[in-house]
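The structure presented is a predicted model; accordingly, all values stated were derived computationally and were not measured. When reading the values below, keep in mind they use all heavy atoms of this one structure, side chains included, and skip hydrogens, waters and symmetry mates. Residue numbers begin at 1 in each chain, while the letters A, B, ... track the order of the sequences.
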Amino acid sequence: MARELTIKVLRYDPQSNETVRAYFEEYKIQEADSMTIYLALTQIRETMDAGLSFDFVCRAGICGSCAMMINGRPQLACRTLTKDLPNEIILLPLPTFKLIKDLSVNTGVWMDAMSKRVESWIHTSKETDIAQIEAPIEPEVADAVFELDRCIECGCCVAGCGTKLIKEDFVGAVGLNRVARFECDPHDERTADDYYELVGDDNGIFGCMTLLGCEDTCPKHLPLQNKIAYMRRKLATVQGS
Amino acid sequence: MNIKYCDALVIGGGLAGLRSAVAAAQKGLSTTVLSLVPVKRSHSAAAQGGMQASLGNAKMSEGDNEDVHFADTVKGSDWGCDQEVARMFVTTAPKAIRELASWGVPWTRIKKGNHEAVINTKRTTIFEDDNKHGLINSRDFGGTKKWRTCYTADATGHTMLFAVANESLKLNVNIEDRKEAIALIHHDNKCYGAIVRDLITGEIAAYVAKGTLIATGGYGRIYEITTNAVICEGIGTAIALETGVAKLGNMEAVQFHPTPLFPSGILLTEGCRGDGGVLRDKDGHRFMPDYEPEKKDLASRDVVSRRMMEHMRKGKGVESPYGTHLWLDISILGREHIERNLRDVQEICEYFAGIDPADEGRKGWAPVHPMQHYSMGGIRTKPTGESQTLAGLFSAGEAACWDMHGFNRLGGNSVSETVVAGMIVGNYFADYCIENQIDIKTEVIEKFIFEKEAYMKELVSKDTGEDVFRIKNRMKKIMQEHVGIFRDGDGLASAVKELEELYIKSQNVAVKNKQLTANPELEEAYRVPMMLKVALCVAKGALDRTESRGAHTREDYPKRDDENWLKRTLTSWKEGDTMPIVEYEDLDIMKMEIAPGFRGYGAKGNLIENPLSAVRQKEIDELTEELELKGADRYEIQDKLMPFPLQPEYKRKNVRLGDK
Ligand SMILES: Cc1cc2nc3c(=O)[nH]c(=O)nc-3n(C[C@H](O)[C@H](O)[C@H](O)COP(=O)(O)OP(=O)(O)OC[C@H]3O[C@@H](n4cnc5c(N)ncnc54)[C@H](O)[C@@H]3O)c2cc1C
Ligand code: SF4
Ligand code: SF4
Ligand code: FES
């Protein structure tokens, strides 16, 4: 027998002029086979509540748009199956990001600022002649960079981070991972000192309390714990020098 | 009223838009990119399999070069492409990939020594020489003579998009997300920017620029089941159409991918078959070799999709509560290979189908069914990327019909096109922005703003009318049923008729939610009529084209008809009309570098030849022989056969291993 699901969604519209407080809206729907939160919310919007706001793009767990709090945990809603959840599902927007409306938050603006802050691009003094054969890279090194490049900026790690809740300007595991990514990319000529300039403070690597909320919630299973520890050791020596 | 000025306006922040923006920013132009979503979430992120570029590094790519890539692309297009553009493309693709490498894309690299691969279901050992160690690797894809598809595991689009987006941030491109272009500002056949709606505040603003480039991706969401992201609704294409001046090219050319996961429509990359995976029917039989003995599972996409449908029609499909499907078996590649190179595929199968594709035998087979995947059609442009009819409007990427894909694009050629077009078209676009001034009156701009503001108010003011979701879902159903893989006159005619009725209805939608700010229902209300216009261009184009070419298959006209149909379809829309205007643009056989012929896969003899093909072939043969006797090299011969325009820095020869 198909279950009846009760989906409770936190509704709030900061764009509205009328000052309505946040409230929970309950929707009851029949569970379908291999139903995801994406399918459930789409059905709700099309048949029950056309004004409900939420974000999906790829609906395949690839683009990082749809992170939200699902029964208390930050998760990608598009690939969360309702069958893995109890009858009652509570959905809240990701905390710490600016709320747009209902389940929709402004991760893009935050992530772009993070990218600029850690200068998330290759720094090099070399001019590449693109008609020439590319510089060889050790296959293992390319794979290692790829492992860290897989971050989809979904914001789960930020939402799950205690430090971020206390320190608004904390760069988050996503930012620290980005630094680690460029640190191991042979195309990038930045040194530990350069990285120290970017994240060698309490809003950066030394702010992290290693509580590991980030790694536990990262849907891409990035080795955030290891990398943060590695960067901290690396940058701590810079400070000592 | 809000009017913002910049030099170069790019609508769309996927790979094509961002790479074009980089080209403009590199020339010192103030550049703005608009996107519905944070740009790194654009659909380009979803490309898994890889990017074609003829580096010729790996063992299985040896001997690859521009000429081989060109021939594959032209044949793949079923001779529907613009061969000049295809030449521009293949010449620049190796440069694009090397540029991306220098921007940090962690391309999978070659490891020297022996390694195992599955080719034609057999485990084979491939040996890579020492001097290749560390160079960019490539994998096999459908319809290509060489292993040419470069990749980062199966997250190629993601790594490319992040690199290009970060490069844009570095160059201080002004990126504004959650901003939707809803109309183009134009006057006297010249384009001056766009009217833009802020998807958060609902504010309508004018973005005025010297030049405007549309890179809004494909229109897959006019179909019911598609691999496309939910934002691929073709609004960028529609705003060009709605100018009444710009034209769309080959809208009926819609590609269906053989192996999306069934029923969710989430793609399992062609890399699955490229790496050696195979299709199986309900008996576990590998059926593709029965139909395509030569290319088997790796014939081009349109061919494989059709063969799958044919096979299911013969009762060989697997029945399920959602309908019939076939199986994709990658378990034969071995767990290690899957966990390394096809990890996203594995995750997708786990999350969305509850299976582990690395499990041996039937247990690990994934249910698949062909689905809408790629829009070959789009805004018709010249080789420079500029609209022929609306000056100052450029287009690149999937949104454009620049036309290197013709009626079928090869896997891996699309993300490649996005960055290559971003380089070439982006450059021409930047030059245009440097050479032209904004010479439009403020009144004209204001008129556009007022019109759209009034339209939004009108939409939320109506209390009774049609339900926009019902109209949208009906459109998707019609497209799915009658404008899909197999098409025929009757089905298309009824589709066109009903779409027109729906379009008329869509102008009388009542929106329940009355907010002008963030309001998904209001978005639907203004988008659906635009989507219906796009759908009508597709359906009408398909109805009128009485032949089968590439992905466009007419069961009532099964042959490719070069005699009558070596033409590009152009559609445009006159304001107030309920049907597009359809015209044609001839393809000039006498200028082709490769005269029309058999593609090498699909049924032979399924072709009505154009007498000029033989004439041109003779010319080509004679000229080639003459030049070869004189000792001309392949570049010189190519130049004599079909000279093509390209910026000098991109036209330079690509150096490969073993070159002198
Ligand atoms: C699942 C999947 C896998 C694929 N895999 C491969 C592959 O392996 N190899 C390959 O070559 N190709 C692949 N493709 C095709 C390829 O990914 C796309 O064709 C390509 O990425 C399109 O890029 P683009 O820049 O043209 O558009 P997109 O990446 O789609 O970007 C469109 C942009 O336009 C914006 N936009 C849209 N409308 C508006 C508007 N009205 N106003 C403002 N902004 C707007 C969007 O926000 C977005 O930023 C795949 C496609 C799919 C569906
Ligand atoms: S380890 Fe804890 S404090 Fe540090 S980034 Fe992760 S969640 Fe935040
Ligand atoms: S590190 Fe993981 S959790 Fe954090 S943004 Fe990236 S993918 Fe998401
Ligand atoms: S919608 Fe893309 S990750 Fe969920």
Between [atom1] of [X] and [atom2] of [Y], what distance do you get to the nearest 0.5 Å?
| X | Y | atom1 | atom2 | value |
| --- | --- | --- | --- | --- |
| A:Thr47 | B:Asp467 | OG1 | CG | 10.0 Å |
| B:Ser102 | A:Lys126 | OG | NZ | 10.5 Å |
| B:Ile200 | A:Leu99 | CD1 | CG | 10.0 Å |
| B:Lys170 | A:Ser120 | NZ | OG | 11.5 Å |
| A:Glu46 | B:Asn473 | CD | CG | 4.5 Å |
| B:Lys95 | A:Asp129 | NZ | CG | 9.5 Å |

[options]: which one forms the most heavy-atom pairs within less than 4.5 Å of chain B?
| options | answer |
| --- | --- |
| A:Cys78, A:Cys58, A:Gly64, A:Ala135 | A:Gly64 |
| A:Glu140, A:Lys101, A:Gln15, A:Glu138 | A:Gln15 |
| A:Ser34, A:Gly108, A:Cys154, A:Gly61 | A:Gly108 |
| A:Cys151, A:Pro14, A:Ser53 | A:Cys151 |

Heavy-atom proximity to chain A below 4.5 Å, by part of [X]:
| X | result |
| --- | --- |
| B:Lys653 | backbone |
| B:His158 | side chain |
| B:Phe162 | side chain |
| B:Asn513 | side chain |
| B:Glu99 | both |
| B:Thr92 | neither |
| B:Arg41 | both |
| B:Asn137 | neither |
| B:Gln48 | side chain |
| B:Ile348 | side chain |

Which of [options] touches chain A most, by non-hydrogen pairs under 4.5 Å:
| options | value |
| --- | --- |
| B:Leu169, B:Leu522, B:Ile231, B:Asn654 | B:Leu169 |
| B:Val511, B:Asn166, B:Thr227 | B:Asn166 |
| B:Lys512, B:Glu167, B:His133 | B:His133 |
| B:Ala46, B:Ala163, B:Pro38, B:Ala229 | B:Ala229 |
| B:Val468, B:Thr108, B:Ile266 | B:Ile266 |
| B:Cys232, B:Ala165, B:Gly134 | B:Gly134 |

Does [X] reach the side chain of [Y], with side-chain heavy atoms less than 4.5 Å apart?
| X | Y | answer |
| --- | --- | --- |
| A:Ile130 | B:Met423 | yes |
| B:Arg343 | A:His221 | no |
| B:Pro520 | A:Arg45 | yes |
| A:Thr128 | B:Arg98 | no |
| B:Asn172 | A:Lys116 | yes |
| B:Phe352 | A:Thr36 | yes |

Atom of [X], atom of [Y] and distance for their closest heavy-atom approach:
| X | Y | result |
| --- | --- | --- |
| A:Ala142 | B:Trp107 | CB-O, 3.6 Å |
| B:Arg109 | A:Glu134 | NH1-CG, 3.7 Å |
| A:Ile62 | B:Ala45 | CG2-O, 3.5 Å |
| B:Arg178 | A:Val105 | NH2-O, 3.2 Å |
| A:Arg181 | B:Gly104 | NH2-O, 2.6 Å |
| B:Ile110 | A:Pro139 | O-CG, 3.3 Å |

Between A:Arg79 and B:Glu347, does at least one N-O distance fall below 4.0 Å, as a salt bridge requires?
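Salt bridge present between A:Arg79 and B:Glu347.
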If I measure from the heavy atoms of chain B, does [X] come under 4.5 Å with its side chain, its backbone, both, or neither?
| X | value |
| --- | --- |
| A:Lys220 | side chain |
| A:Asp33 | both |
| A:Ile152 | both |
| A:Glu147 | side chain |
| A:Glu119 | neither |
| A:Ala144 | neither |
| A:His123 | neither |
| A:Ile133 | both |
| A:Ser104 | side chain |
| A:Asp149 | both |
| A:Asp188 | neither |
| A:Tyr38 | side chain |

Please test A:Ser115 against B:Lys40 for side chain to side chain donor-acceptor pair (under 3.5 Å), starting from the C-alpha separation and ending with a verdict.
CA-CA 11 Å; A:Ser115 289; B:Lys40 288 171 179 165; 3.0 Å; yes
Does [X], at its [atom1] atom, have more than 12 non-hydrogen atoms belonging to other residues, nucleotides or ligands within less than 6.0 Å?
| X | atom1 | answer |
| --- | --- | --- |
| A:Glu197 | CD | no |
| B:Lys111 | NZ | no |
| A:Lys98 | NZ | no |
| A:Glu127 | CD | no |

Is A:His187 reaching over with its side chain to a backbone N or O of B:Ala101, donor-acceptor style, under 3.5 angstrom?
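A pair under 3.5 Å: yes.
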Of the options A:Asp185, A:Val145, A:Leu148, which is the one that meets B:Pro106 in a side-chain contact (heavy atoms from CB on, under 4.5 Å)?
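When A:Asp185, A:Val145, A:Leu148 are each tested with B:Pro106, the side-chain contact (heavy atoms from CB on, under 4.5 Å) holds only for A:Val145.
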